[in-house]
Amino acid sequence: MSERRYQVLPPDRAADAVETELLARWREEQLVARSLAGRPGAPEFVFYDGPPTANGRPGIHHVFARTVKDLFSRHRAMLGYHVPRKAGWDTHGLPVEIEVEKALGISGKQDIERIGVEEFNKRCRESVWKYREEWERLVERVGHWLDYEQPYVTYSNNYVESEWWALRTLHDKGLLVQGHKILPYCPRCGTTLSSHEVAQGYEDVEDPSVYLALDLVEPPQRVDGNPVTVNGLPATTALGGKPARRRIVVWTTTPWTLPSNAALAVHPDLTYVEVKKNGRDDWTLLLSESRAGAVLGQEWESRWEVVGRFTGRELEGTRYRRPLDWLPFEDGEHEVIIAEDFVTADDGSGVVHMSPAFGADDYAAGQRRGLAFLQPVNARGEFPAEMPVVGGKFVKDADPFIIEELKARDVLWKAATLTHSYPHCWRCRTPLLYYARGSWFIKTTAFRDRMIARNKAVRWNPPEVGEGRFGSWLENNIDWAISRDRYWGTPLPVWVNDADPTEIDVIGSYAELAEKSGRPLPADFDPHKPYIDAYTWPAKSGTGTMRRVREVIDAWFDSGSMPFAQWHYPFENRELVAAQYPADYIAEGLDQTRGWFYSLLAIATGLGDALPNNADPVKPGDAAAPYKAVVVNDLVRDAKGLKMSKSRGNAVDPWSVMERHGADAVRLFLVASSQVWTPRNFDESVIREGAGRFLLTFKNVYKFWAELANFGWAPSADDPRPDDRPALDRWVLSRLAGVEAEANRQLLNYDATLAARAVMTFVDEDVSKWYVRLGRDRFYDVTSPDNRAAFATLHEVLTVSCRLLAPFAPFVTDWIHRELTGTSVHLADYVRPSPFPVDAALDAAMSDVRALATLGRAQRETVGIGVRQPLGELVVFPLLRDLRFDDSLTGLLAGELNIKSVRVATDFAQIGTAEAKADFKVLGKRAGKDMKLVAAAIESWPAASVLEVYFGASVHVTVEDRTYAVGPEDVKVTLRGVATDGRWAVALDTIITPALRTEGMAREIVSRVQRLRKETGLAVSDRIRLLVAGPAEVHAAVEEYRSWITGEVLARDLVLSDGISENVGAVPVELDGATAFIALTREG
RNA sequence: GGGCCAUUAGCUCAGGUGGUUAGAGCGCACGCCUGAUAAGCGUGAGGUCCGAGGUUCAAGUCCUCGAUGGCCCA
């Protein structure tokens, strides 16, 4: 027999301390590295880690995301996969620049230029790491096992070079193109503003509010040349026999954009009316019906007559004449009405002027429809000098001149002013212009369908995010503007001839850069601005110099390139990437839908077969690239369901939470409380009472087992084989196998919540509240086969439970698993190769026993006899036709309820009575005036009839000559004298015979002695001398059960005394009417 | 302003395709048990299923509108 001692984990030991100790142990054993290395010959299961930016403190929501990422990886590693998990850092982009601006006390591009890009970017490079250490510590503390030995860093030279390769590849495929993007722009500062800057600068200002009336071109024609018809009739209006002048009313608050008008937009589903003024037959106006009152006056219907009615869709294609013809159209569609969903009837005329160079909606519509693009405004916000009327003027100053010109041209309907909120430059208060800026795009619309096809092959969890939010985002895809006119980012590797902007070199590697520039790169080569901009070379065409464009790229391109850039592909590691692409799964927050989830997909789809295992087409059911499965997690909100934010002051510090509850409890709470893709409220009391309490129970079960096993049990060949163990053991092993399979199945299915709940319910309900509860006394000795069976069984249950819980609570499970087996849980198998099999019949029988035990306890409650008093018989009666009592578990039921036997009644009348009452509502409809008599008849039924009906039969009730068939739905049955759950009815034989009373008394004495032992502070194994005094009844009980009592309380000696004891320390005990005194002393 | 998600007991959550009296755990009250004890068991109270309309023989479930909270995008 082994002398091994099992350490006990004190329940009051702080989780934080235990976990911290384990972390040190893991470090010492290099356990993370061993798990990462995988087992020899293990198949790959690839996880991609979305890189965080380390220039902010990690928050509790990061703990959530880390838990989700970790648990699936851990599960797969335990299943025997090699799970590569390379950590990464997102290091470029505006957030970093803003952080540095704040640190330097500067703001805006002019300040940056003044300090110098070299210095600024140096600061950015350093700033990225401000919180790195805290990040790494937290990731370690929460137990996210990740490869931090060689993390990928998006600013590193290798990473940038891989991105250059990707951009060059996209360019070669014609997918990296120049275009325009509408951006808020400050003409005074000469800079575009980011959205959060725009949000800071809204001010109420007075702007022109101009209604134009633009001539429709007669006869109205569609673009295809066919006449416009309404309900089959020509829509041409002829009033009073002569052709009418027809005009459409258009509203704008930016008259300066009218010279670049290219189209008018209406809403397809809005109703537009054509109206003529009373008495005027020579002209009409067209506008949205719901805006007519606002444009024509409240009581317009008394002054205007509706002569036509159209939906916006019907107007589509109609041509009109633009208000100002200063600029020639070069190419593109123009002067046409289009129907667009973004048009509203909230203001204006329901007809919107479209100027693709000066509005985001306008631009997008222009792209979709191929509209002409006129941009007669320079970077200072001025019209070109050669423009008529407004040449050289700042656009906002030009408004009055334009209004005058409109009036002169007879296209002005009315001009007023409007006070509204408009964005201004937060620095100089200049009104911002929405302005089309030259920009570089990845032409994602060219491969949108392929992205959609790939997305359909991705296994989304939950599916609706992939189909809905992400799917519709892809359906409405627009080209990805990847250039940023900023400083700290991957430089766009595009060189343009300064003499001929059509001559372009896109550089795909550093070697190519060296070759083009004609000199080797220095040892300390830095591809960032400003250094990179010094690389120039003579244009191939002979005239001009190739100079790099000024822009850097969107940091989302960085993170989306990680599948290949993290390995410096294709310059190195080709085989590695071939083995580790695509990812089997990724897991990030819902906010990444349009972020990382998209950038990964867009880049991978654009690159196509330039990446391994990545060729199109991808069909549903294929392994999708770049990720086969996604698990989305939602936000963590505060305890009241409000968003956590610095300004609210309700953000939770993960470290203090970790200290109070431990990572296990926090992880378990985050995963088990609800599906990870729903938002959860972070409430520490819920952690304590839910996950915390569960872990306490788990530790308690182990503690119970370990303390008793330390009396000399250790696994050995002497333990009975599972098949030879008692039913209780076989039952819990069967349940264990079921839960093992279920947890594994759910995790493979990416449902962490159901997996965790299945295991937790098993441990709590089946193991703690039933198996241990019923089998406690089997652990009080270690030698008999029954003892050995119990120890071996619970050892197995605890060991496997540790494994099943390890992905969720990696700390305490490892601690206990090491005690149980001597090895780390994290190197163990998640599922056993050949577990004791599920025994469905046994599961069902036990389930019945548990139900009957509950009913039996309820009956004891009802009859007022405590469990300590033994009773003779429990009678059970099945209330369902196919229900049979399986008597193989009778012993367990009898023991639990402290009864001598269990009997199955053959007739319900043996145990109780049944009454039926008519349901007046149901029966009344049929019985009518006989109802009272029928009801009386039903109430007088014998129990047998009631039971017949209860079981579904019909009983005939005859009143005079009328007969009614009364079925189960017509009556309400009440069972009396029994406890019932609808399946079973049970009754207790409540007669306490003298023998039972004596036995009850003996049990009472044992109970009191045990309590006294404990109060006295004796160890569980201490032996005692016992003295009992009391009336004859007590003496009789002690004499009869002497050996049982001494065995239970470990008494070497039991002395009976007459009368009331005078022994020091004697304690009075009330025993069902008799008073006894007991005293005990420890036996040396 | 637009799109999406959520709202069920004090709290955290279940409630395929509409179908009997809407469930569980925790908490609470009362009782039991007493060497797993900072545990265990039972009983009970607790519900306007966010609101208002609608569809239906029948709505927590489907539809419409609205409220609140959240996310994304303008």
Side-chain angles (χ1 to χ4, degrees), chain A residues 8 10-12 195 198-199 341-342 344 346-347 360-361 364 462 464-465 467-473 476 589-595 632 634-644 669 672-675 677-681 683 685-694 696-708 753-754 757 760-761 764-765 767-770 772-774 776-777 779-780 853-862 864-868 896-898 919 922 968-969 972 979 982 1006-1015 1018-1022 1048-1050:
Chain A
V8 170
D12 55 349
S195 58
V198 174
D341 286 334
F342 59 77
T344 72
D346 297 340
D347 45 28
D361 284 336
E464 58 267 24
V465 172
E467 288 160 21
R469 187 183 278 235
F470 195 56
S472 56
W473 158 254
N476 297 314
L590 188 58
D591 54 347
Q592 293 299 320
T593 309
R594 291 167 190 194
V632 178
D634 207 322
L635 285 200
V636 179
R637 306 185 301 208
D638 75 2
K640 294 187 195 110
L642 296 174
K643 184 186 180 178
M644 288 186 187
F669 159 77
S673 61
S674 63
Q675 291 292 354
W677 43 81
T678 61
R680 69 234 322 87
N681 298 353
D683 187 337
S685 67
V686 174
I687 297 177
R688 200 165 38 245
E689 284 154 16
R693 184 178 290 262
F694 166 77
L696 183 64
T697 299
F698 188 58
K699 285 184 274 189
N700 259 324
V701 173
Y702 165 73
K703 178 179 172 237
F704 169 80
W705 178 90
E707 279 177 341
L708 295 166
T753 305
L754 289 187
R757 285 180 180 174
M760 289 167 79
T761 304
D764 196 35
E765 297 290 323
V767 179
S768 170
K769 289 181 180 170
W770 195 248
V772 172
R773 175 181 160 76
L774 256 61
R776 264 202 302 262
D777 54 7
F779 295 88
Y780 295 156
T854 296
L855 293 173
R857 285 190 214 103
Q859 265 307 80
R860 275 194 175 268
E861 178 88 7
T862 307
I865 302 174
V867 178
R868 225 175 293 137
E896 173 64 12
L897 291 172
N898 195 17
D919 186 330
V922 179
E969 67 280 5
K972 294 202 162 138
V1006 167
S1007 158
R1008 299 312 165 107
V1009 172
Q1010 297 288 38
R1011 198 186 306 177
L1012 198 57
R1013 281 183 61 111
K1014 194 171 154 192
E1015 284 164 11
L1018 295 181
V1020 177
S1021 54
D1022 284 341
E1048 286 293 304
V1049 304
L1050 301 182

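- Between the side chain of A:Ser768 and the base of B:rA36 there is at least one donor-acceptor pair of N/O atoms closer than 3.5 Å.
- As rounded to the nearest Å, B:rG69 and B:rC62 have C1' atoms that lie 24 Å from one another.
- Following rounding to the nearest Å, A:Glu707 (CD) and B:rG35 (C1') show an atom-to-atom distance of 9 Å.
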Worksheet, complete the sentence: Each nucleotide of nucleotides 23-33 of chain B classed B (base within 4.0 Å of a protein heavy atom), S (only sugar-phosphate) or -, in 5' to 3' order, makes ---SS---S-S
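- The P atoms of B:rC65 and B:rG2 are separated by 12 Å, rounded to the nearest whole Å.
- Checked against side-chain contact (heavy atoms from CB on, under 4.5 Å), A:Glu896 has the following partners two or more places apart in sequence or in another chain: A:Trp770, A:Arg773, A:Leu774, A:Ala853, A:Arg857.
- Going from the C1' atom of B:rC28 to that of B:rU12 covers 16 Å, rounded to whole Å.
- B:rC41 and B:rA6 have their P atoms separated by 35 Å, with the value rounded to a whole Å.
- With hydrogens and angles left out, the side chain of A:Arg1013 and the base of B:rG35 share a donor-acceptor pair within 3.5 Å.
- Taking the P atoms as reference points, B:rG27 lies 15 Å from B:rC11, given to the whole Å.
- Note that the CZ atom of A:Arg757 and the CZ atom of A:Phe694 stand 13.0 Å from one another [nearest 0.5 Å].
- Here the C1' atom of nucleotide B:rC13 and the CE atom of A:Met760 are 12 Å apart, to the nearest Å.
- In this structure, A:Asn681 does not reach the B:rC11 phosphate: none of its side-chain N or O atoms is under 4.0 Å from OP1 or OP2.
- Across all their heavy atoms, A:Phe669 and A:Ile687 have their closest contact at CG-CG1, 3.6 Å.
- Rounding to whole angstrom units, CG of residue A:Asp634 and C1' of B:rG69 are separated by 12 Å.
- In this structure, the CZ atom of A:Phe470 is 16 Å from the C1' atom of B:rC71, given to the nearest Å.
- At least one side-chain nitrogen or oxygen of A:Ser674 sits closer than 4.0 Å to the OP1 or OP2 atom of B:rC13.
- For A:Val686, the side-chain atoms get nearest to B:rC11 when compared with the rest of B:rG35, B:rA14, B:rC11.
- Regarding contacts with the backbone of B:rA36, a side-chain N or O of A:Tyr780 is found under 4.0 angstrom from either OP1 or OP2.
- Listed for the A:Glu1048 side chain is no donor-acceptor partner under 3.5 Å among the backbone atoms of A:Val1009.
- The nucleotide B:rU20 finds no pairing partner, because no Watson-Crick or G-U wobble arrangement with both distances shorter than 3.5 Å includes it.
- Within 4.0 Å (heavy atoms only), A:Leu708 reaches no atom of the nucleic acid at all.
- Of the listed nucleotides (B:rU12, B:rA14, B:rG35), B:rU12 has the atom at the smallest distance from the side chain of A:Ser673.
- Base pairing annotation: B:rU55 forms no Watson-Crick or G-U wobble pair, as no partner gives both donor-acceptor distances under 3.5 Å.
- Across all strands shown, B:rC11 forms a Watson-Crick or G-U wobble pair, both distances under 3.5 Å, with B:rG25.
- Smallest separation of non-hydrogen atoms from A:Ser674 and A:Thr753: O-OG1, 3.3 Å.
- Base-pair partner of B:rC4: B:rG70 (Watson-Crick or G-U wobble, both distances under 3.5 Å).
- Rounded to a whole angstrom, the distance from the P atom of B:rU17 to that of B:rG10 is 26 Å.
- Among the nucleotides B:rA36, B:rG42, B:rG35, the one closest to any side-chain atom of A:Val772 is B:rA36.
- Closest contact between the side chain of A:Arg857 and the listed nucleotides B:rA14, B:rU12, B:rG42 involves B:rG42.
- On the P atoms, B:rA22 is 36 Å away from B:rG3, given to the nearest whole Å.
- Across all strands shown, nothing is found opposite B:rA45 as a Watson-Crick or G-U wobble partner with both distances under 3.5 Å.
- With a cut-off of 3.5 Å on both pairing distances, B:rG35 has no Watson-Crick or G-U wobble partner at all.
- Projected onto RNA chain B by closest heavy-atom contact, A:Asp683 and A:Gln1010 fall at different nucleotides, the more 5' of which corresponds to A:Asp683.
- The shortest distance between side-chain heavy atoms of A:Leu754 and A:Gln675 falls below 4.5 Å.
- B:rG40 atom P lies 22 Å from atom CG of A:Asn898, rounded to whole Å.
- To the nearest whole angstrom, the two P atoms, one in B:rU7 and one in B:rC49, are 14 Å apart.
- For the atom pair CZ (A:Arg693) and CG (A:Asp764), the distance works out to 9.5 Å, reported to the nearest 0.5 Å.
- Base pairing of B:rG60 is not made with any nucleotide, judged by Watson-Crick or G-U wobble geometry with both donor-acceptor distances under 3.5 Å.
- Taking atom CH2 of A:Trp770 as the reference point, atom P of B:rC41 lies 10 Å away to the nearest angstrom.
- When the side-chain contact (heavy atoms from CB on, under 4.5 Å) test is applied to A:Val867, the partners found at least two apart in sequence or on another chain are A:Arg860, A:Asn898.
- At a threshold of 4.0 angstrom between heavy atoms, the contacts of A:Ala1019 include nucleobase atoms, whether or not backbone atoms are also involved.
- Between the CZ atom of A:Phe779 and the CG atom of A:Asp777 there is a distance of 9.5 Å, given to the nearest 0.5 Å.
- Annotation: of the two residues near RNA chain B, A:Val1006 and A:Trp473, the 5′-most nearest-nucleotide partner is A:Val1006.
- When rounded to the nearest whole Å, the span between CZ of A:Arg757 and P of B:rA14 equals 6 Å.
- A:Leu1050 is listed as a side-chain neighbour of A:Arg1013, based on a closest heavy-atom distance under 4.5 Å.
- When rounded to the nearest whole Å, the span between CZ of A:Phe704 and P of B:rG35 equals 12 Å.
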